[in-house]
> 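Below you'll find the structure I mean.
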Amino acid sequence: MSSTDPARPPLRVTVAGNPGLDTLVLLPGAELDLAVDTHFVRNVDTVGHAAAFVARLFARMGARVRILGSVGEDLAGRFVTEALAADGVDTSLLFVDPAGTARSVNLIRPDGRRTACYDGGSHMTLQPPEANLDAALADTDLVVSTLANWARHVVGRARARGIPVAVDLQDVRHPSDPYRADFVANADLLFASAAHLADPTGAALAWCEAGPAQAVVFGRGAAGAMAVRPVGVIEQPPPRLDLPVVDTTGCGDALAVGVLDALVAHGTDLAGALQRGQVLARIVASEPGAQAHVDPARVAALATAAASASS
């Protein structure tokens with residue numbers, strides 16, 4: 001896919017992480033009574049997991065995207081690979097997980113809130129082939145990494161080569177979590193959920209001190225988004241858009257893609273990038289499994305509408 005600006009070459013993005021299969025269980029009520037033997041629900045199978053959401057959204061926004069990750073030699077792996085390729089994502093660097101394709105069963109409540117039951121296959125012990133690692137870091141403008149255990153080596157190599165790195169720390173519970181330390185140490189821009197941090201600003205400043213990150217972007221759900229930098233904090237309310245909230249799966253990934261696309265591909269300032277990221281996240285939330293229509297023109301139009309509504 002090509003950039004919508006003919007004077008600007010498409011952003012070249014490498015995504016590090018394992019795509020997978022999401023089974024969405026759309027619940028009729030807010031809670032599920034596990035003492036009941038059978039529930040009548042709507043189940044939806046879709047491509048999921050952070051790496052797939054990031055790769056597909058970047059491709060739909062006009063970037064040239066390759067993904068480094070694993071899938072199984074199974075039906076789910078073929079389904080995932082074909083969907084990525086159909087969106088224009090280069091899947092040639094996918095390698096095999098002998099434990100099978102990563103999967104998640106997500107319980108989706110009527111207000112869009114999600115509880116995920118995740119099976120990551122053997123991502124804790126897998127290592128990408130050396131040739132795939134080298135190819136992933138060639139001719140790329142940006143590396144966006146998920147938290148697959150093997151991906152810590154990718155961000156380290158990218159940092160050593162001077163390639164900008166962005167990492168989503170996801171639902172982090174403690175600012176000094178040792179699993180995430182290698183990712184913090186190599187990221188120029190960090191994303192995270194603020195849901196379970198007692199002091200998000202303090203956590204962000206600690207991460208900026210521990211690594212090269214210039215800013216940390218937090219998704220705060222219905223409270224909007226926030227960017228923390230050593231020089232100050234930018235808080236932004238959620239955009240006022242006439243879109244339903246059906247499924248929040250992938251919203252954090254959409255926030256990251258929208259912010260990065262605005263910052264890196266279009267030179268937008270951080271406040272404007274936060275707006276674009278939230279607009280993209282709202283679009284994603286409007287359909288189950290991040291299946292809502294996404295393209296640069298729609299994102300731009302809704303961002304303009306949101307700005308008008310808030311003025």
Side-chain angles (χ1 to χ4, degrees), residues 1 12-26 42-60 63-108 114-138 140 143-155 167-168 170 247 249-254 256-257 284 287-292 294:
M1 302 180 71
R12 300 171 300 177
V13 180
T14 294
V15 178
N18 302 322
L21 179 71
D22 277 350
T23 296
L24 309 178
V25 181
L26 305 179
R42 180 186 173 205
N43 297 328
V44 178
D45 287 333
T46 186
V47 175
H49 305 192
F53 287 131
V54 169
R56 298 179 82 189
L57 287 170
F58 261 123
R60 292 175 186 178
R64 291 174 53 190
V65 187
R66 66 165 69 105
I67 185 168
L68 173 66
S70 66
V71 293
E73 293 182 313
D74 48 31
L75 287 172
R78 289 191 288 277
F79 172 67
V80 168
T81 301
E82 290 171 3
L84 289 166
D87 269 333
V89 177
D90 180 350
T91 62
S92 63
L93 300 182
L94 291 177
F95 55 98
V96 174
D97 184 344
T101 301
R103 299 192 63 167
S104 185
V105 175
N106 298 344
L107 308 180
I108 311 298
R114 178 200 69 171
T115 298
C117 303
Y118 177 66
D119 176 0
S122 53
H123 84 91
M124 290 297 292
T125 56
L126 275 178
Q127 288 297 326
E130 192 69 22
N132 291 36
L133 280 172
D134 288 337
L137 298 179
T140 193
V143 170
V144 183
S145 181
T146 67
L147 297 178
N149 192 40
W150 53 263
R152 68 185 70 247
H153 305 298
V154 179
V155 298
V167 175
D168 189 348
Q170 300 178 326
D247 174 18
T249 305
C251 283
D253 308 312
V257 170
V284 164
E287 295 284 348
Q291 296 303 299
V294 169

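Values reported hereafter were calculated over all heavy atoms of this structure, with side chains retained and with hydrogens, waters and symmetry mates removed. The chain is numbered in sequence order, starting from 1. What you see is a predicted model, and the numbers here were worked out from it, not measured in a lab.
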> How far apart are the closest heavy atoms of Phe58 and Val65, and which atoms are they?
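So the minimum-distance heavy-atom pair works out to CB-CG2, 3.6 Å.
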
> Kindly say whether Val89 contributes a backbone atom to a donor-acceptor pair with the side chain of Asp87 at under 3.5 angstrom?
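Checking the backbone N and O of Val89 against the side chain of Asp87, no donor-acceptor pair under 3.5 Å is found.
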
> So do the side chains of Leu137 and Asp134 get within less than 4.5 Å of each other, counting heavy atoms only?
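No, their side chains stay 4.5 Å or more apart.
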
> Output, in order, the C-alpha distance, side-chain angles, deciding distance and verdict of side-chain contact (heavy atoms from CB on, under 4.5 Å) for Thr249 and Phe53.
CA-CA 9 Å; Thr249 305; Phe53 287 131; 3.7 Å; yes

> Give me the atom names and distance for the closest heavy-atom approach of Leu26 to Pro288.
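Leu26 and Pro288 have their closest heavy atoms at CD1-CG, 4.4 Å.
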
> Please report the interatomic distance CG(Asp45) to OG1(Thr23), rounded to the nearest 0.5 Å.
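One gets 4.0 Å once the value is rounded to the nearest 0.5 Å.
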
> Judged by modelled atom types alone, do Asn18 and Ser70 share a side-chain donor-acceptor pair under 3.5 Å?
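Yes, side-chain donor-acceptor contact under 3.5 Å.
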
> Using the six-membered ring wherever Trp is involved, compare the ring planes of Tyr118 and His123 and label them parallel, tilted or perpendicular (cut-offs 30° and 60°).
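Answer is tilted, since the angle falls between 30° and 60°.
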
> Which atom names give the shortest non-hydrogen contact between Gly17 and Thr146, and what distance separates them?
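Smallest heavy-atom distance, with atoms named: CA-OG1, 3.1 Å.
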
> Does the pair Arg66 and Thr14 meet the rule for a side-chain hydrogen bond (donor to acceptor under 3.5 Å, both in side chains), with working shown?
CA-CA 5 Å; Arg66 66 165 69 105; Thr14 294; 3.2 Å; yes

> Mind checking the CG-CG spacing from Leu93 to Leu68? Nearest 0.5 Å is all I need.
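Atom-to-atom, Leu93:CG and Leu68:CG are 6.0 Å apart.
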
> Looking at every heavy atom in both Val80 and Leu21, which two are closest together, and how far apart are they?
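Closest approach of Val80 to Leu21, heavy atoms only: CG2-N, 4.2 Å.
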
> Going from CG on Asn106 to CG on Asn43, what distance comes out if it is rounded to the nearest 0.5 angstrom?
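Atom-to-atom, Asn106:CG and Asn43:CG are 11.5 Å apart.
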
> Which atoms form the tightest heavy-atom contact between Thr46 and Phe79, and what is the distance?
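So the minimum-distance heavy-atom pair works out to C-CE2, 4.0 Å.
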
> Search all heavy atoms of Ser122 against all heavy atoms of Pro98 and return the closest pair with its distance.
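Smallest interatomic distance, heavy atoms only, reads OG-CD, 4.2 Å.
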
> When rounded to the nearest 0.5 angstrom, what distance separates CD in Gln170 from CG in Leu147?
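That separation rounds to 4.5 Å.
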
> Strictly by side chain to side chain donor-acceptor pair (under 3.5 Å), give each pair with a member in residues 124-133 just once, sequence neighbours left out.
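Sorted pair list: Glu130-Arg157.
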
> State, with a plain yes or no, whether a side-chain heavy atom of Leu57 is found less than 4.5 Å away from one of Val284.
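Contact flag for Leu57/Val284 side chains = yes.
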
> In Å, rounded to the nearest 0.5 Å, how long is the span from NE2 of His49 to CG of Asp22?
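Here the interatomic distance stands at 4.5 Å.
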
> With a 6.0 Å cut-off (strictly less than), is the heavy-atom count around CZ of Arg152, excluding the residue itself, greater than 12?
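Atom CZ in Arg152 is packed in, count exceeds 12.
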
> Treating Asn149 as the side-chain partner and Leu126 as the backbone partner, does any N or O pair qualify as donor plus acceptor under 3.5 Å?
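It does not hold such a pair.
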
> Can you check whether Ala99's main-chain N or O pairs, donor with acceptor, with Asp97's side chain at less than 3.5 Å?
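Pair found, side chain donor or acceptor close to backbone of Ala99.
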
> Would you give the length of the straight line joining atom CD1 of Ile67 to atom CG of Leu84, rounded to the nearest 0.5 angstrom?
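With rounding to 0.5 Å, CD1 (Ile67) is 5.5 Å from CG (Leu84).
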
